[in-house]
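Have a look at the structure below before the remarks.
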Amino acid sequence: MKLEHIGIAVDDAAAVAALYALLFGHQPYKAETVAEQGVRTHFVSAETAKLELLEALGPDSPVAKYLEKRGPGLHHLAFEVPDIDAHFEQMRALGLQPLGSAPSAGADGKRIFFLHPKQTHGVLIEFCQSIPTPLAPTRLTHHGAGPAVYELGSRENPTLLVLPPPGTAIFPTLEMLLRRLEPHLHVLTLDVQSGSTASEGVAAVFSDFAVEKAHLLGLGVGCAAALEVAAQQPERVQKLLLHAPPPGIRGTDRAVLLSLNSQAANDLSAFRALLPNALPVLLPADEAAAFVPDPDLFVPLCLHHLSAS
Ligand code: CMX
């Protein structure tokens, strides 16, 4: 079971956010009102921990009661479970009494329930399950039919431009990956559709989202688009990550060949010559790897490569 987040009751979200930015180097990457829980949430990444700042929406909010009785501070620990309904029943079978008659909607696309701190030696425990909620694209309408762009995370974080295979809708596994990257990065996912090239799409994203430079992540066939962009706009590409490039993928006129065999190192040195300002990183994957990697393995690896100089 994974610790999903730590809830912290706050009476001044802006002051806490400013202090945490100093301590952890990150501004909140998302704020959300959860009327059903009587709270407004602000999510902050502290690298290995996700912190949920909780503001009371009104005097009846459980957070208002908490602040009144105990003052600001640690409020709850939330653990992710694979099946929240089954877990709810399991708690009952153990003789515990989860709050509410069933799991309910929480922040950050989750279904949640709590165990009362009286039952758990003074610690309010939440269980949660992420429920895929379709991402809404921001279409670049003034570029004609244009590519679809999905934006997640704070614009104050470094930008990661994700290039999946053209025409890829954001299906649940990809969405899960993007949401796991969201606390750490400003994530723009570009779905290049027919009628425009990757370079055109990326140029539109750079201008529409006022992005000067970005890391690129090619996924599967999307590696071809990432290579094309990196070759054409090297000054705007910081690091280039390629996951599961199909064998034999080639750059444009400069014929970059990347494969997953022992030739990869040679191929990458050729690529470095082509892209002196970028640091290409070929993430390990076997030939049969799905183009969307396992977030548990991929996200730490990706963050490690992106933070290395
Ligand atoms: N941690 C530890 N103890 C807590 C607590 C907390 N978060 N909240 C309340 N308590 C303690 C109180 O101090 C009090 O202890 P004493 O009797 O020793 O004084 C006792 O629990 C009862 O407190 P209360 O003020 O009478 O509160 P209630 O029993 O009415 O409600 C609780 C407590 C946990 C049921 C209520 O706060 C609740 O339903 N919380 C879950 C909902 C919630 O917090 N939602 C926001 C989360 C949003 C998200 O993550 O998505």
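Both counts, for ligands and for their atoms, begin at 1 and track the order of listing. Just so it is clear, the values below take in all heavy atoms, side chains as well, and ignore hydrogens, waters and symmetry mates.
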No-hydrogen, no-angle side-chain donor-acceptor test under 3.5 Å, E151 and H186: yes

Proximal atoms of ligand 1 relative to H76 (non-hydrogen, under 4.0 Å): 47 (C), 50 (O)

Counting distance only, does the side-chain N/O of E80 pair as donor-acceptor with the main-chain N or O of K2 below 3.5 Å? no

Could you tell me, atom by atom, which parts of ligand 1 come under 4.0 Å of a heavy atom of E126? 49 (C), 50 (O)

So side chain to side chain donor-acceptor pair (under 3.5 Å) across residues 57-68, not counting sequence neighbours, yields none

Should E32 and R40 count as an ion pair when the cut-off is N to O under 4.0 Å? no

Matching residue for E4 among R180, R179, K50 - test: salt bridge (charged side-chain N to carboxylate O under 4.0 Å, His left out): K50

Closest non-hydrogen protein atom to atom 21 (O) of ligand 1, residue and atom name please, with distance? H116 CE1, 3.8 Å

Counting from 1 in the order shown, the ligand 1 atoms closer than 4.0 Å to a non-hydrogen atom of K65 are 25 (O), 26 (O), 27 (O), 28 (P), 30 (O)

For atom 49 (C) of ligand 1, what is the nearest protein heavy atom, given as residue, atom name and distance? E52 OE2, 3.5 Å

Hey, looking at atom 24 (P) of ligand 1, which of E36, E4, K69, K110 has the closest heavy atom? K69

among protein heavy atoms, the one nearest atom 20 (C) of ligand 1 is K118 CE, 3.9 Å

Give every donor-acceptor pair under 3.5 Å between a side-chain atom in residues 71-78 and any protein atom, sequence neighbours left out.
residue	atom	partner	partner atom	Å
H76	NE2	H5	NE2	3.2
H76	NE2	E52	OE1	3.2
H76	NE2	E126	OE1	3.1

Checking the side chain of S104 only, and the main-chain atoms of G100 only, is there a donor and an acceptor separated by less than 3.5 Å? no

Can you tell me which residue and heavy atom of the protein come closest to atom 46 (C) of ligand 1, and the distance to 0.1 Å? Q37 OE1, 3.7 Å

Using modelled atom types and a 3.5 Å cut-off, is there a donor and acceptor pairing between side-chain atoms of S45 and backbone atoms of E47? yes

Could you check atom 11 (C) of ligand 1 against the protein and tell me its nearest heavy-atom contact, residue, atom and distance included? R70 NH1, 3.6 Å

Donor-acceptor pair between E228 and S199 side chains, under 3.5 angstrom: yes

With heavy atoms under 4.0 Å as the rule, classify the contact between H75 and ligand 1 as side chain, backbone, both or neither. both

Give me the nearest non-hydrogen protein atom to atom 51 (O) of ligand 1 as residue plus atom name, then the distance to 0.1 Å. A107 N, 3.3 Å

Within reach of ligand 1, part of I112 (heavy-atom separation under 4.0 Å): side chain

Protein heavy atom at shortest distance from atom 2 (C) of ligand 1: G122 O, 3.2 Å

Taking the side chain as C-beta and beyond, is there a heavy-atom pair between K30 and D108 under 4.5 Å? yes

Against ligand 1, does G7 come closer than 4.0 Å with any heavy atom? no

Checking the side chain of R236 only, and the main-chain atoms of V211 only, is there a donor and an acceptor separated by less than 3.5 Å? yes

Determine whether any heavy atom of L99 lies closer than 4.0 Å to an atom of ligand 1. yes

Nearest non-hydrogen protein atom to atom 36 (C) of ligand 1, with distance, is P62 CB, 3.9 Å

Is there a polar contact between ligand 1 and Y66, counting only N or O atoms under 3.5 Å apart? no

